[in-house]
Amino acid sequence: MFSQIEQLLKEVNSFYPKSKEELEAFRVKYLGKKGLLSSLFNGLKEAAPHDKKSAGLSINNLKNAVLNKINSHKNTFEQVIKKNSIDTSRPIRLNSFGSRHPISLIKNQIIDIFKKIGFGISEGPEIEDDWHNFSALNLPKEHPARDMQDTFFLQTNPDLLLRTHTSSVQVRHMENNPPPIRTISPGRVYRNEVISARAHCLFHQIEGLYIDERVSFADLKQTIMYFAKEMFGEETRIRLRPSFFPFTEPSAEVDIYWGLKNDSDYRITKGTGWLEILGCGMVDPNVLENCKINSKTHSGFAFGMGIERIAMLKYGVTDLRLFFENDVRFLKQFSAL
Ligand code: PHE
């Protein structure tokens with residue numbers, strides 16, 4: 001009897017079922033009503049009295065081995081069964097994809113518009129020195145016009161600051177490239193402004209620069225007109241108002257005609273129907289000379305616009321702060337664009 005139990009224990013331990021059916025046959029073979037274990041327990045009655053106890057223990061031992069085997073394999077087969085029983089007629093769950101930020105969308109659109117007429121892209125550092133952000137642009141130290149752009153200076157080095165416009169990139173570009181120059185400079189800029197629905201301490205700009213021989217104000221106006229029509233539609237009208245920037249002379253601000261169709265048009269255009277979209281002008285000869293370009297033989301124009309402002313107009317967004325909060329409910333609305 002003992003050698004039979006030992007033999008069965010070996011069999012049980014080396015048993016590895018390949019299917020649920022095999023496991024079931026194994027169960028019946030050992031644990032079934034007429035299975036091996038019940039006949040072994042029955043056989044106990046006939047065992048010699050001094051063998052009874054240890055024979056009983058061995059049979060129990062065998063029974064436990066059988067139960068363990070069944071339990072440990074039951075789960076594997078259940079998982080396999082689940083895997084194979086995928087319901088292919090069920091609707092799939094769509095993964096949600098990310099989307100481009102509206103500021104990037106508008107930035108890319110503006111870049112594409114200028115690329116079509118031969119402008120390249122230039123980029124520069126966000127931490128700038130005084131020369132590139134101010135002095136080279138005809139804004140010497142202590143010049144009152146510096147107040148137009150509230151500046152974050154670096155505490156560790158008063159010559160360094162967070163750039164207040166991407167005109168600094170144009171200075172770098174002029175220093176390193178001889179004319180003709182046709183470049184636009186997109187990027188993040190910083191100003192120490194109180195955060196509100198219309199202003200933020202950081203925002204994005206695209207500035208453009210065109211320098212060649214005999215570039216005129218008419219070229220500037222045509223370029224801006226082309227941009228406005230591409231961006232806001234063929235029917236768009238623009239107007240130029242005289243303005244002042246230290247780095248351009250003459251300078252202008254450009255408005256597009258928005259119309260006065262409803263209350264909100266009255267509010268955002270302050271009742272005029274016109275909306276400002278950018279600043280521009282003919283590059284001041286001093287700026288050209290600062291950047292080693294001969295102002296006798298060359299002239300040029302520059303313009304600059306806030307990307308958030310263009311995005312607000314294009315998408316009808318009324319609070320600038322939404323662009324910086326990264327609320328997916330806001331961002332999701334631009335996923336199809
Ligand atoms: N740099 C100006 C600003 O940030 C914009 C500008 C650029 C105006 C070029 C004129 C010409 O306000």
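Whatever order the structure lists ligands and atoms in, that order sets their numbers, starting from 1.
A distance limit of 4.0 angstrom between heavy atoms and ligand 1 selects the residues Gln149, His165, Ser167, Arg191, Gln205, Glu207, Phe245, Phe247, Thr248, Gly279, Cys280, Ala302, Phe303, Gly304.
At a cut-off of 3.5 Å, with distance as the only test, a side-chain donor of Thr183 or Ser122 sits close to an acceptor on the other residue. Side-chain atoms of Ser185 and Glu207 form no donor-acceptor pair, as typed in the model, at a separation below 3.5 Å. Defined by atom type and a distance below 3.5 Å, a donor-acceptor pair is missing between the side-chain atoms of Thr164 and Thr151.
Proximity of a side-chain donor or acceptor of Asn68 to a complementary backbone N or O of Ala65 within less than 3.5 Å is not detected.
Closest approach of Ser299 to Leu288, counting heavy atoms only: CA-CD1, 4.2 Å.
Sorted by first and then second residue, the ring pair (Phe, Tyr, Trp, His ring centres under 6.0 Å) pairs involving residues 174-206 (not counting sequence neighbours) are His200-Phe324.
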